[in-house]
**Q** 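What follows is a structure written as structure tokens; I'll ask about it next.
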Amino acid sequence: MADVEALFEQGWRPVPLRQFVVKIRSRCNLACDYCIIYEHADRTWRRQPAAMSPQTVRQTARRIAEHATRHGLRQVRIVLHGGEPLLAGPTGIGRIVGTVRAIVEEAGAEAEFTVQTNGTLLGPRMLHTLAEHRVRVGVSVDGDRQAHDAHRRTPSGAGSYDRVTAGLHRLSTQYPHLYAGLLCTVDPSRDPVAVYESLLQTRPPLIDFLLPHAHWGARPPAPAGAYGTWLAAVFDRWAGAPRKETSVRLLDELLHSVLGGRSRLDWVGVTRSVSAFVEADGGIHQNDALRTGYDGASATGLDVYRHSFDDVLLHPGFAARQAGLRVLAQQCLDCAELSVCGGGEYGHRYGPGGGYRRPSVYCADLLLLIRHIRRWVARCAGRPG
């Protein structure tokens, strides 16, 4: 964690939060074997109510509105999350979105909503409700049937692929304007091109490939380099297409940074996190990626009843995620790819006994992928790679 007083003395100042991840449900109807909430060191979900109460929904909305007013924000992003948020049902989703939007927009800010779901509950009535309330939909899916059902199963052990693809078909054909994109966790044992091409079937506007959450005390299941090699193969297929089929956010941002731009992600590049997570009981947490470290790693001791989101900005954990170069390991500061990699996802830097001032546990993979992209750029420019 950062020394906030020292950061202020160095001239650092926080920037306002713009995205609020609201955990309206703390339980799930799937039992994915890599789940960041239920399958890692953090067990705080056990102490959460199953559902966020109407009182906590309203108080969260008031705090978001307060923050928007204080900082002159014209728009805020609200992500309905969980657990599985669609367990709230169509009526519950409509009530939550309506309540939050009314309070935030009364304060003069536009509320943009997305729900991140496992896709199993995207039935006709649910999709009608999401459309009625202008809620965009991101779906987690890990590729074709074999790749997906290897990890994303029900508590009884059955695969979820058929239900997810049925929901995705309804979403992409009947409500394409709501389709926000897909989230896929990388599994190097699967064919990268086959996984990528299976994800293209519903024409997603965006694909997020995520590295399995891990750190130096709980290393990734595959050896160093396997994830970078897998993503490099996806890059070649994606970049080599005759036309751009979709945005792959990680690859877009890395390519943009290699070409001299600045990443808009907070897990590559030297960026500032502008997200806060609100749990079902109103507790304010840091990013879920920290949950791999230890029980309570993402907790702050703050909540929407007693604290404002300006209080959150001064919490040492949040300050560290906005402090950029000041909290990176010396190895990262000395690296030629610092401006592109930025040290990687903050939670992936954790080492037991040493905190977060280490390179990412995926350092070798990120460097492999970045250098692969650099060689591709050099070839395109006619320079020797």
**Q** Under a 4.0 Å N-O cut-off, is there an ion pair linking Arg62 with Glu66?
**A** no
**Q** Under a 3.5 Å threshold, yes or no: a donor from one side chain and an acceptor from the other, between Ser198 and Arg190?
**A** no
**Q** Compile the donor-acceptor pairs under 3.5 Å between side chains in residues 10-18 and protein atoms, sequence neighbours left out, one pair per line.
**A**
unit_1, atom_1, unit_2, atom_2, d
Gln10, OE1, Arg326, NE, 3.2
Trp12, NE1, Gln322, O, 3.2
Arg13, NH1, Phe8, O, 3.2

**Q** How about His213 and His348: are their ring centres within less than 6.0 Å of each other?
**A** yes
**Q** If we ignore angles and hydrogens, is there a donor and acceptor under 3.5 Å between the side chains of Asn29 and Glu84?
**A** no
**Q** Side chains of Arg349 and Arg357: does their closest heavy-atom pair fall under 4.5 Å?
**A** no
**Q** Are the charged groups of Asp162 and Arg145 less than 4.0 angstrom apart, N to O?
**A** yes
**Q** If you count the non-hydrogen atoms of other residues, nucleotides and ligands that lie under 6.0 Å from CD in Glu5, is the total more than 12?
**A** no
**Q** Mind checking whether Phe277 and Phe20 have side chains closer than 4.5 Å, heavy atoms only?
**A** no
**Q** Should the pair Arg43-Asp295 be classified as a salt bridge under the 4.0 Å nitrogen-to-oxygen rule?
**A** no
**Q** Tell me whether the rings of Phe309 and His67 are parallel (<30°), tilted (30 to 60°) or perpendicular (>60°).
**A** perpendicular
**Q** Just so I know, are the side chains of Lys23 and His285 near enough to count as touching, which here means a heavy-atom distance under 4.5 Å?
**A** no
**Q** Please report whether the ring centroid of Trp230 lies less than 6.0 Å from that of Tyr227.
**A** no
**Q** Is the distance between the ring centroids of Trp267 and Tyr346 under 6.0 Å?
**A** no
**Q** I want to check something: taking the side chain as every heavy atom from C-beta on, are Leu30 and Thr120 in contact at a cut-off of under 4.5 Å?
**A** yes
**Q** So, do Cys341 and Val268 sit near enough that their side-chain heavy atoms are less than 4.5 Å apart?
**A** no
**Q** Would you say that Tyr305 contacts Leu302 through its side chain, given a criterion of any heavy-atom pair below 4.5 Å between the two side chains?
**A** no
**Q** Dump the intermediate steps for side-chain contact (heavy atoms from CB on, under 4.5 Å) on Ser140 and Thr117, then the final yes or no.
**A** CA-CA 6 Å; Ser140 297; Thr117 173; over 6 Å; no
**Q** Side chains of Asp3 and Glu9: does their closest heavy-atom pair fall under 4.5 Å?
**A** no
**Q** Does the pair Asp303/Arg306 count as a salt bridge with the N-to-O cut at 4.0 Å?
**A** yes
**Q** If you look at every heavy atom in Ala222 and Pro188, which pair is closest and at what distance?
**A** CB-CG, 3.8 Å
**Q** Does a side-chain N-to-carboxylate-O contact under 4.0 Å join Glu337 and Arg374?
**A** yes
**Q** With a 4.5 Å limit on heavy-atom distance, are the side chains of Arg272 and Asp266 in contact?
**A** no
**Q** Taking it one step at a time, do Leu121 and Arg163 satisfy side-chain contact (heavy atoms from CB on, under 4.5 Å)?
**A** CA-CA 8 Å; Leu121 301 175; Arg163 291 176 64 190; 3.8 Å; yes
**Q** Which ILVMFWY residues are connected to Tyr38, directly or by a chain of links, through side-chain heavy atoms under 4.5 Å apart?
**A** Ile36, Ile37, Trp45
**Q** Counting only pairs under 3.5 Å, give me each side-chain donor-acceptor contact of residues 98-107, with atom names and distances, residues two or more places apart or in other chains.
**A**
unit_1, atom_1, unit_2, atom_2, d
Thr99, OG1, Arg95, O, 2.9
Arg101, NH1, His133, O, 2.8
Arg101, NH2, His133, O, 3.4

**Q** With the threshold set at 4.0 Å, does a side-chain nitrogen-carboxylate oxygen contact exist between Glu345 and Arg321?
**A** yes
